Structure formats: structure tokens, C-alpha cells
Participant: 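Here you go, one structure.
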Amino acid sequence: MILLVEDNDDDRDLALLAFKQAKAPGELVAVADGEQALQFLLPGRDGAQGRMGVRLVLLDLKLPKIDGLEVLRRMRAHPGTRYLPVVILTSSLEEADLIESYRLGANSYLRKPVNFHDFVELAAAIGSYWGKFNQAPPVYAA
């Protein structure tokens with residue numbers, strides 16, 4: 001499963017369609033803000049295990065409630081998501097965002113494509129590399 005964290009409805013729909021068109025392996029699940037992402041990924045006080053089945057997080061930076069950099073910071077601070085691959089998928093051209101993303105432990109930083117054909121190509125590459133070839137750490141490897 002790939003978790004897409006994207007607040008923009010158009011970008012979220014474009015990504016979902018691009019991954020479907022690219023026939024990327026695995027299920028793509030989307031949440032709309034950083035708070036939802038952390039609720040989905042981290043174990044809760046209600047006994048939820050968190051992160052169940054997520055093998056990759058595609059994380060936007062400019063999110064409501066909790067921004068992407070803070071989501072990444074909290075993921076890396078938690079033993080259950082510390083090693084979960086995170087790809088920043090953003091429209092940000094700010095060098096500070098790029099540097100801070102890698103400093104906090106992002107595995108990759110990708111700019112969102114503007115046109116659909118390029119997005120399908122990117123989705124295919126992400127699906128191939130992260131879904132087929134990359135060896136992800138086991139759930140809750142600490």
C-alpha cells in the first residue's frame with residue numbers, strides 16, 4: 001500500500017488516476033492533511049497498530065493542520081515509522097524545503113509534474129522502483 005498525503009483535490013485526483021493508468025503495483029490510499037496521515041500511520045491510544053500495510057508514503061509539504069515537514073519529523077521520531085520510506089511529492093521549488101526534507105530523513109524529493117502524461121510516467125517509475133525493486137524494512141523495525 002502507498003499512502004498519498006495530499007490536500008489539493010485536483011492533485012490528489014490526478015495522482016490517483018496517474019497511478020491507476022500506470023498500473024503501479026499496490027493500492028494507493030489518500031488522506032487530505034498531516035493530522036490524518038499521522039493518525040493513519042502511528043499507533044493510537046485506542047490500540048490501533050498503525051502503519052498496517054503501508055510500504056511507502058508520498059508526502060506533500062504544504063498541508064493543513066500539520067505540515068509535511070512536521071509529519072516527517074514525527075514519523076522519524078517514532079520507532080514504528082522511523083524507517084518507512086517517504087518520498088516528498090511537492091510543487092515547492094524552495095531549496096530550504098529540499099534541504100530540510102533530506103535532513104529530516106526523506107528518501108527522495110520529487111516535484112509534482114504539471115501535465116498528466118508526465119505524472120503517469122512518474123507514477124510508473126515510483127511504482128516500479130519503490131513497489132517492485134526496493135526492499136522496504138519490515139513493519140516496526142526499530
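Computed from a predicted structure; not experimentally measured.
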Participant: Ignoring hydrogens and geometry, is there a side-chain-to-backbone donor-acceptor pair from Arg82 to Arg76 under 3.5 Å?
Facilitator: yes
Participant: Measure the CG-OG distance between Asn8 and Ser91 for me, rounded to the nearest 0.5 Å.
Facilitator: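 Interatomic distance, Asn8 CG to Ser91 OG, rounded to 0.5 Å: 8.5 Å.
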Participant: Could you check whether Lys62 pairs with Asp97 (Lys NZ or Arg NE/NH1/NH2 to Asp/Glu carboxylate O, under 4.0 Å)?
Facilitator: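 Salt bridge flag = yes for Asp97 with Lys62.
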Participant: Which pair of heavy atoms, one from Asn134 and one from Pro85, lies closest together, and at what distance?
Facilitator: ND2-CG, 4.1 Å
Participant: Determine yes or no for a side-chain-to-main-chain donor-acceptor pair under 3.5 angstrom, with Glu70 supplying the side chain and Ile66 the backbone.
Facilitator: no
Participant: With a 4.5 Å limit on heavy-atom distance, are the side chains of Leu69 and Leu61 in contact?
Facilitator: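 With C-beta onward as the side chain, the pair touches.
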Participant: Look only at the side chain of Asn107 and the backbone of Val86, and say whether a donor-acceptor pair between them is shorter than 3.5 Å.
Facilitator: yes
Participant: Other than Val120, which residues form its hydrophobic cluster under the rule that side-chain heavy atoms must be closer than 4.5 Å?
Facilitator: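 Its cluster mates, by chain and number, are Ile2, Leu4, Leu14, Leu16, Leu17, Phe19, Leu28, Leu56, Leu58, Val87, Leu89, Leu110, Phe116, Phe119, Leu122, Ile126, Tyr129, Trp130.
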Participant: Could you list all the side chain to side chain donor-acceptor pair (under 3.5 Å) pairs where at least one residue sits in residues 113-126, not counting sequence neighbours?
Facilitator: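 Only Asn115-Asp118 qualify under side chain to side chain donor-acceptor pair (under 3.5 Å).
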Participant: Asp9: what forms a salt bridge (charged side-chain N to carboxylate O under 4.0 Å, His left out) with it, not counting sequence neighbours?
Facilitator: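 Here the qualifying residues are Arg12.
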Participant: Does the pair Val5 and Phe40 meet the rule for a side chain to side chain contact (heavy atoms under 4.5 Å, CB included), with working shown?
Facilitator: CA-CA 10 Å; Val5 187; Phe40 193 91; over 6 Å; no
Participant: Please test Tyr102 against Ile88 for side chain to side chain contact (heavy atoms under 4.5 Å, CB included), starting from the C-alpha separation and ending with a verdict.
Facilitator: CA-CA 9 Å; Tyr102 280 118; Ile88 303 300; over 6 Å; no
Participant: Would you say Met75 and Leu104 make side-chain contact, with heavy atoms under 4.5 Å?
Facilitator: no
Participant: Ile99, Leu72: one ILVMFWY side-chain cluster at the under-4.5 Å cut-off?
Facilitator: no
Participant: Which heavy-atom pair separates Ala24 from Gly127 by the least distance, and what is that distance?
Facilitator: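 Between these two residues, the closest heavy atoms are CB-CA, 4.0 Å.
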Participant: To the nearest 0.5 Å, what is the distance between CD (Gln36) and CD (Gln39)?
Facilitator: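 Nearest 0.5 Å value for the CD-CD distance: 7.0 Å.
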Participant: Taking all atoms of both residues into account, what is the closest heavy-atom pair of Leu59 and Gly68, and its distance?
Facilitator: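 Shortest heavy-atom contact: CD2-O, 3.3 Å.
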Participant: Between Ala37 and Val71, what is the shortest heavy-atom contact and its length?
Facilitator: CB-CG1, 4.4 Å
Participant: Taking it one step at a time, do Leu93 and Arg111 satisfy side chain to side chain contact (heavy atoms under 4.5 Å, CB included)?
Facilitator: CA-CA 8 Å; Leu93 288 172; Arg111 290 249 318 133; 3.2 Å; yes
